[in-house]
*Asks:* 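My questions will all concern the structure given below.
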Amino acid sequence: MKIIFMGTPDFAKESLEAIYNAGHEILAVVTNPDKPKGRGMKMIASPVKEFALEKNLKIYQPLKVRNNQEFINEMKELKPDLLCVVAYGKILPKELLDISKFGAINVHGSLLPKYRGAAPIQWAVLNGDKKTGITTMFMDEGMDTGDMILKEETEIGADETTGELWKRLSKIGAKLLVQTIEKINKVDNKENKTLEQIKQAVGAEKQGKDFSTAPMLNKEMAKIDWKKTSEQIKNLVRGLNPIMGAYCLLENKKIKLWKVRTAQKEELEQKFPEMKEYESRMKKVEAGTILFADNKKGLFVKTVDGILEILEIQGENAKKMDAKSFLNGNNIHAGEIFE
């Protein structure tokens, strides 16, 4: 099929590579403009653009697509069979969605209608979901409200981070996109079927009204509330890894936590015999209190309902490292409190 592909991050690059390798003709690749990054503010191309450059594909990087008639007209002139959109990052106008013979399809990182919105993968981890998946759908003007084509479900690991799940889902999404295009390609369109007839031919399903949303993340949500349960704090930490990192304060310095795990009482009693003596006082200890800080045995913090072991941590203006290495270079003691 003749395809215009729109996408930006590595998640989208997997899909672009998959349809390229499947032999489809990529008429154009549309991606976000290069962005400055790092101390030198060097302009960095998106992963999608990097792949397009490697394969000598035609690239467009409009600052905006809404109210950009020149860009929309250029896309119309290409006469695509299909518009494929994967994590592009902009809401598309109806005029652009309607330029293709078979409509516009999207790869979405959730099992719709759950988690419509900008951050479905992140919110699945933040909420401690046990499963998620990929949905391909025909796009309409709404936010992820289009008719669904294919779905694939996957379990979320108990300690899996957003970054780890993101990589897995990007591969599932790429595979499902190829399958979706194959399904659409089998539709006999000699009689110029309407989009509704095409949807019916591929067996697309309408979404139910029982949906949830996945809004963009904000920096305010990254601060750890030690009055939350161990599981809630753990989900926050893994949900914000590697996007921004959950953080707390120690002596007014920002400390980011990148990996934690729930510590069991029996395990701690073996590592720290004095643990048994602490048990009677544990209920009186404030949540966020460092219980043990040992550069050979680890870093353990009291929560409202248990104890968390800090596995990966980052001090202010420092690199992330494992907790034992962090304790080697930082003077932290039991009894101090993470705020």
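Residue numbers start at 1 and run along the sequence shown.
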*Asks:* Counting only heavy atoms not in Lys193, do more than 12 sit closer than 6.0 Å to its NZ atom?
*Replies:*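 Counting other residues, nucleotides and ligands, NZ of Lys193 exceeds 12 neighbours.
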*Asks:* In terms of hydrophobic clusters joined by side-chain contacts under 4.5 Å, are Ile156 and Ile233 together?
*Replies:*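 Ile156 does not cluster with Ile233.
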*Asks:* May I ask you to decide if Gly239's main-chain N or O and Thr162's side chain share a donor-acceptor pair within less than 3.5 Å?
*Replies:*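 Yes; judged by distance alone, with no hydrogens or angles, the pair exists.
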*Asks:* Grab the two heavy atoms, one from Val237 and one from Leu257, that are nearest each other, plus how far apart they are.
*Replies:*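 Residues Val237 and Leu257, closest heavy atoms: CG1-O, 3.4 Å.
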*Asks:* To the nearest 0.5 Å, tell me how far Glu14 CD sits from Leu177 CG.
*Replies:*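 Glu14 atom CD to Leu177 atom CG measures 12.0 Å (nearest 0.5 Å).
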*Asks:* Identify whether the distance between the nearest side-chain nitrogen and carboxylate oxygen of Lys234 and Asp159 falls below 4.0 Å.
*Replies:*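 Between Asp159 and Lys234 there is a salt bridge, with a charged N closer than 4.0 Å to a carboxylate O.
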*Asks:* Would you give me the side-chain donor-acceptor pairs under 3.5 Å for residues 17-26, sequence neighbours excluded?
*Replies:*
{"unit_1": "Glu17", "atom_1": "OE1", "unit_2": "Lys13", "atom_2": "NZ", "d": "3.0"}
{"unit_1": "Asn21", "atom_1": "ND2", "unit_2": "Glu17", "atom_2": "O", "d": "3.3"}
{"unit_1": "His24", "atom_1": "ND1", "unit_2": "Met1", "atom_2": "N", "d": "3.0"}

*Asks:* Between atom CD1 of Ile172 and atom CD of Glu152, what is the distance when rounded to the nearest 0.5 Å?
*Replies:*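 With rounding to 0.5 Å, CD1 (Ile172) is 5.0 Å from CD (Glu152).
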*Asks:* Quick check: is Leu150 connected to Phe5 through a chain of hydrophobic side chains (ILVMFWY, heavy atoms under 4.5 Å apart)?
*Replies:*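 Yes, it is one cluster - the side chains of Phe5 and Leu150 are joined through contacts under 4.5 Å.
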*Asks:* Are Leu308 and Ile313 linked, directly or through other ILVMFWY residues, by side chains that come within less than 4.5 angstrom of each other?
*Replies:*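 They do share one cluster, since a chain of ILVMFWY contacts under 4.5 Å joins Leu308 to Ile313.
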*Asks:* Just wondering, more than 12 heavy atoms not from Lys171 lying within 6.0 Å of its NZ?
*Replies:*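 No, the 6.0 Å shell around NZ holds no more than 12 heavy atoms from other groups.
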*Asks:* Applying side chain to side chain donor-acceptor pair (under 3.5 Å), which residue pairs with at least one partner in residues 132-149 are found, sequence neighbours left out?
*Replies:*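 Every pair satisfying side chain to side chain donor-acceptor pair (under 3.5 Å) with a residue in residues 132-149: Thr136-Thr180, Asp140-Thr145, Asp147-Lys206.
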*Asks:* How long is the span from the CZ atom in Phe138 to the CD1 atom in Ile149, to the nearest 0.5 Å?
*Replies:*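 If we round to the nearest 0.5 Å, Phe138:CZ and Ile149:CD1 are 4.0 Å apart.
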*Asks:* Other members of the hydrophobic cluster containing Ile59, with the 4.5 Å side-chain heavy-atom rule, please.
*Replies:*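 When side chains under 4.5 Å apart are linked, the cluster holding Ile59 also contains Leu53.
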*Asks:* Ignoring hydrogens and angles, tell me if any N or O in the side chain of His108 forms a donor-acceptor pair with the backbone of Pro120 under 3.5 Å.
*Replies:*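 Such a contact is absent between His108 side chain and Pro120 backbone.
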*Asks:* Could you check whether atom CD of Glu74 has more than 12 heavy atoms from other residues, nucleotides or ligands sitting under 6.0 Å from it?
*Replies:*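 Yes, enclosed.
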*Asks:* Yes or no on side-chain contact (heavy atoms from CB on, under 4.5 Å) for Ser46 and Asn32, after CA distance, side-chain angles and deciding distance?
*Replies:* CA-CA 7 Å; Ser46 72; Asn32 280 342; 5.9 Å; no
*Asks:* Determine yes or no for a side-chain-to-main-chain donor-acceptor pair under 3.5 angstrom, with Ser100 supplying the side chain and Ala104 the backbone.
*Replies:*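 Side chain of Ser100 to backbone of Ala104: no pair is present.
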*Asks:* Would you find more than 12 non-hydrogen atoms of other residues, nucleotides or ligands less than 6.0 Å from Met43 atom CE?
*Replies:*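 Atom CE in Met43 is packed in, count exceeds 12.
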*Asks:* Verify the neighbour count for atom NZ of Lys151: are there more than 12 heavy atoms of other residues, nucleotides or ligands below 6.0 Å?
*Replies:*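 Atom NZ in Lys151 is crowded, with more than 12 foreign heavy atoms closer than 6.0 Å.
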*Asks:* For Gln314 and Ala318, work out which heavy atoms get closest and say how close.
*Replies:*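 So the two residues come closest at NE2-O, 2.7 Å.
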*Asks:* Answer yes if Leu176 and Leu165 sit in the same cluster of Ile, Leu, Val, Met, Phe, Trp and Tyr residues linked by side chain heavy atoms under 4.5 Å apart, and no otherwise.
*Replies:*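 Shared cluster, yes.
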*Asks:* Taking only Lys NZ, Arg NE, NH1 and NH2, and the carboxylate oxygens of Asp or Glu, determine whether Lys49 and Asp34 approach each other closer than 4.0 Å.
*Replies:*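 Salt bridge flag = yes for Asp34 with Lys49.
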*Asks:* Start with the C-alpha distance between Glu164 and Arg238, add both sets of side-chain angles, then the distance that settles side-chain contact (heavy atoms from CB on, under 4.5 Å), and finish with yes or no.
*Replies:* CA-CA 10 Å; Glu164 291 162 346; Arg238 65 194 189 97; over 6 Å; no
*Asks:* Please confirm whether the backbone N or O of Gly7 pairs with a side-chain atom of Thr31, one donor and one acceptor, at under 3.5 Å?
*Replies:*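 The answer is yes, because a donor-acceptor pair under 3.5 Å joins these two groups.
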*Asks:* Any side-chain heavy-atom pair from Arg66 and Lys90 closer than 4.5 angstrom?
*Replies:*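 Arg66 vs Lys90: side chains apart.
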*Asks:* Kindly check if the number of other-residue, nucleotide or ligand heavy atoms within 6.0 Å of NZ (Lys79) is above 12?
*Replies:*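 Open.
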*Asks:* First locate atom CD of Glu182, then atom NZ of Lys186, and finally report the distance between them rounded to the nearest 0.5 Å.
*Replies:*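 It is 6.5 Å, given to the nearest 0.5 Å.
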*Asks:* Do Thr161 and Val125 touch side chain to side chain, with heavy atoms closer than 4.5 Å?
*Replies:*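 No. Closest side-chain heavy atoms not under 4.5 Å.
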*Asks:* Please work out which of the three classes, parallel, tilted or perpendicular, describes the rings of Phe292 and Phe300, given edges at 30° and 60°.
*Replies:*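 Perpendicular, since the angle between the ring planes exceeds 60°.
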*Asks:* Suppose clustering is done on Ile, Leu, Val, Met, Phe, Trp and Tyr with side-chain heavy atoms closer than 4.5 Å. Which residues sit in the same group as Leu96?
*Replies:*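 Leu96 shares its hydrophobic cluster with Ile4, Met6, Leu27, Val30, Tyr60, Val65, Phe71, Ile72, Met75, Leu78, Leu83, Val85, Tyr88, Leu92, Leu97, Ile99, Met139.
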*Asks:* Compile the donor-acceptor pairs under 3.5 Å between side chains in residues 241-254 and protein atoms, sequence neighbours left out, one pair per line.
*Replies:*
{"unit_1": "Asn241", "atom_1": "ND2", "unit_2": "Trp258", "atom_2": "O", "d": "2.9"}

*Asks:* Cluster question for you: counting only ILVMFWY and a side-chain heavy-atom cut-off of under 4.5 Å, with indirect links fine, are Leu112 and Val86 together?
*Replies:*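 Hydrophobic grouping puts Leu112 apart from Val86.
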*Asks:* Under 4.5 Å between any side-chain heavy atoms of Val187 and Val202, yes or no?
*Replies:*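 Val187 vs Val202: side chains touch.
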*Asks:* Does any pair with a residue in residues 323-339 pass salt bridge (charged side-chain N to carboxylate O under 4.0 Å, His left out), and if so which ones, sequence neighbours excluded?
*Replies:*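 Those involving residues 323-339 do not exist here.
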*Asks:* Taking all non-hydrogen atoms of both residues, which atom of Val304 and which atom of Lys228 are closest, and how far apart?
*Replies:*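 Between these two residues, the closest heavy atoms are CG1-O, 3.2 Å.
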*Asks:* State, yes or no, whether a side-chain contact exists between Val29 and Phe51 at a heavy-atom distance under 4.5 Å.
*Replies:*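 No, side chains not in contact.
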*Asks:* Which atoms form the tightest heavy-atom contact between Pro9 and Val48, and what is the distance?
*Replies:*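 That would be O-CG2, 3.8 Å.
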*Asks:* Distance from Thr154 atom OG1 to Lys131 atom NZ, nearest 0.5 Å?
*Replies:*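 Between Thr154 OG1 and Lys131 NZ, I get 11.0 Å after rounding to 0.5 Å.
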*Asks:* Hey, does Trp226 have a side-chain heavy atom less than 4.5 Å from the side chain of Ile337?
*Replies:*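 Heavy-atom side-chain distance check fails, nothing below 4.5 Å.
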*Asks:* Taking all heavy atoms of Lys297 and all of Glu309, pick out the closest pair and write down the distance.
*Replies:*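 Here Lys297 and Glu309 meet closest at O-OE2, 4.2 Å.
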*Asks:* Do we see a donor-acceptor contact under 3.5 Å between the side chains of Glu286 and Thr289?
*Replies:*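 No.
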*Asks:* Considering only NZ, NE, NH1 and NH2 on the basic side and carboxylate oxygens on the acidic side, decide whether Asp81 and Lys101 come within less than 4.0 Å.
*Replies:*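 Salt bridge flag = yes for Lys101 with Asp81.
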*Asks:* Rounded to the nearest 0.5 Å, what's the gap from CD1 on Ile290 to CD1 on Ile307? Could you check?
*Replies:*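 The CD1 atom of Ile307 is 13.0 Å from CD1 of Ile290, to the nearest 0.5 Å.
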*Asks:* Looking only at heavy atoms, which two atoms of Ala87 and Ala12 are closest? And how far apart?
*Replies:*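 So the minimum-distance heavy-atom pair works out to CB-CB, 4.5 Å.
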*Asks:* For Thr262 and Ser230, does a side-chain donor sit closer than 3.5 Å to a side-chain acceptor?
*Replies:*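 Note: Thr262 and Ser230 side chains miss the donor-acceptor criterion.
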*Asks:* Does CD belonging to Glu316 count more than 12 external heavy atoms closer than 6.0 Å?
*Replies:*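 Yes, because the 6.0 Å sphere around CD of Glu316 holds more than 12 heavy atoms from other groups.
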*Asks:* Apply side-chain contact (heavy atoms from CB on, under 4.5 Å) to residues Thr213 and Met143 and explain how you reach the verdict.
*Replies:* CA-CA 10 Å; Thr213 58; Met143 175 67 79; over 6 Å; no
*Asks:* In sequence, state the C-alpha distance, the side-chain angles, and the governing distance for Val301 and Leu291, and then conclude on side-chain contact (heavy atoms from CB on, under 4.5 Å).
*Replies:* CA-CA 5 Å; Val301 183; Leu291 298 175; over 6 Å; no
*Asks:* Does Asn330 use its side chain to pair, donor to acceptor, with the backbone of Ile332 at less than 3.5 Å?
*Replies:*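 Side chain of Asn330 to backbone of Ile332: no pair is present.
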*Asks:* Would you say Ser212 and Trp123 make side-chain contact, with heavy atoms under 4.5 Å?
*Replies:*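 SC-SC contact between Ser212 and Trp123 ruled out.
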*Asks:* Do Val107 and Ile134 touch side chain to side chain, with heavy atoms closer than 4.5 Å?
*Replies:*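 With C-beta onward as the side chain, the pair touches.
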